[in-house]
Amino acid sequence: MTIENFFAKATTDIITQNLLGHELLYQSPKGVVGGLIVEAESYMGIKDSAAHSFQGRRSPSNEALYGPAGTIYIYSIYGHYMFDIATQAAGEPQGILIRALQPTQGEKIMEQNRHLNGYNLTNGPGKLMAALGINSFALNQQLLSQSPLSVSPQRKKEPRRIIAAPRVNVSAGAWQNRPLRFYVAGNPYVSGTAKRSWELSTWGWLN
DNA sequence: CGAAAGATCCCCT
DNA sequence: GGGGATCTTTCGA
């Protein structure tokens, strides 16, 4: 099973839920860094009012969304870099925004990249990219399997419970309240969650 | 060419 | 929980 086979086999919202617990790794110049995916959002393509490809919008900056499943889509907003993966066949511009990681590799390097430590290291889409040390568009439009970024083809850990909620900072449009944000319940690296909701014995995993 | 919006972050109360 | 920083992209004149 390759990571490309993992995608394009279901609807993007199902793929997003199945992606939780997979390990994202980056072969960075300073060493291997990465962690388990604990939070992600689905963007459902031309009919989704919050998607960059809404109504078929297409330009050099979002071209990666139109690539085959497993294509890396990097964009920037407010001076921060974000990491998406195209999930469907070429020409069907749907994708997943990776929003938070639980560090498993190179935590020291990530702390140096971020100049801080603790749960704030990777609990947001811009934060995790800064922690990995990615601050350019160099990997945009590359295939995951042919780049220094990789996602494990299967789960490393099973979420005990997955919560679905409206997407973060999607505040207008017909799809603004759709529950397309998915995260591991109780994991302290999920962005914007309250301390009292954290499960610090299991971090939300079954194994 | 200027302006405004935006899938965010950090620091302060 | 709120406001300012920051900067790329897009759209309208």
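Sequence lines set the chain letters: A, B, ... in the order given, protein chains first and strands last, and positions in each chain run from 1. On a predicted model such as this, the values are computed, not experimentally measured, just so you know.
Considering every non-hydrogen atom in both A:Val32 and A:Gln27, the closest pair reads CG2-OE1, 3.4 Å. Here the closest non-hydrogen pair linking A:Met110 and A:Thr122 is SD-CG2, 4.3 Å. Of all heavy-atom pairs spanning A:Thr16 and A:Ser42, the tightest one is OG1-OG, 2.6 Å.
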Show me the donor-acceptor pairs, under 3.5 Å and distance only, between side chains in residues 98-106 of chain A and residues at least two apart or in other chains.
from, atom 1, to, atom 2, distance (Å)
A:Arg99, NE, A:Glu39, OE2, 2.9
A:Arg99, NH2, A:Ser191, OG, 3.3
A:Gln102, OE1, A:Asn187, ND2, 2.8
A:Gln102, OE1, A:Trp205, NE1, 2.9
A:Thr104, OG1, A:Glu23, OE2, 2.7

If you look only at distance, which donor and acceptor atoms sit under 3.5 Å apart when one is on a side chain in residues 6-15 of chain A and the other is two or more places apart or in another chain?
from, atom 1, to, atom 2, distance (Å)
A:Thr11, OG1, A:Asp13, OD1, 2.7
A:Thr12, OG1, A:Thr87, OG1, 2.9
A:Thr12, OG1, A:Gln88, NE2, 3.1
A:Thr12, OG1, A:Gln94, OE1, 2.7

Show me the donor-acceptor pairs, under 3.5 Å and distance only, between side chains in residues 168-180 of chain A and residues at least two apart or in other chains.
from, atom 1, to, atom 2, distance (Å)
A:Trp175, NE1, A:Lys47, O, 3.1
A:Gln176, NE2, A:Ser171, O, 3.2

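With sequence neighbours left out, A:Tyr119 forms a side-chain contact (heavy atoms from CB on, under 4.5 Å) with A:Pro188, A:Tyr189, A:Trp198, A:Leu200, A:Trp203. In this structure A:Asp84 satisfies the salt bridge (charged side-chain N to carboxylate O under 4.0 Å, His left out) test with no other residue, sequence neighbours excluded. Taking the side-chain contact (heavy atoms from CB on, under 4.5 Å) definition, one finds that A:Ser61 meets it with A:Ser59, sequence neighbours left out. Scored by the salt bridge (charged side-chain N to carboxylate O under 4.0 Å, His left out) test, A:Glu63 finds A:Arg58 as partners (sequence neighbours excluded).
Using a 4.0 Å cutoff on non-hydrogen atoms, the parts of residues 119-138 of chain A near DNA chain B are A:Gly124, A:Pro125, A:Gly126, A:Lys127, ordered by number. Near DNA chain C, defined here as any heavy-atom distance below 4.0 Å, the residues from residues 69-87 of chain A are A:Ser76, A:Tyr78, A:Gly79, listed numerically. Looking at residues 89-103 of chain A, you'll see A:Leu97, A:Arg99 sit with a heavy atom under 4.0 Å from some atom of DNA chain B.
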Dot-bracket, DNA chain B: Watson-Crick or G-U, under 3.5 angstrom, [ ] crossing, | other strand? ||||||.|||||.
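Contact footprint of chain A on DNA chain B: nucleotides with an atom under 4.0 Å from a non-hydrogen protein atom, first to last in 5' to 3' order, B:dG6 to B:dC10.
Contact annotation: A:Ser59 side-chain N/O to C:dT10 OP1/OP2 distance is under 4.0 Å.
Each of A:Ser171 and A:Arg114 has a nearest nucleotide on DNA chain B; the 5'-most of these lies closest to A:Ser171.
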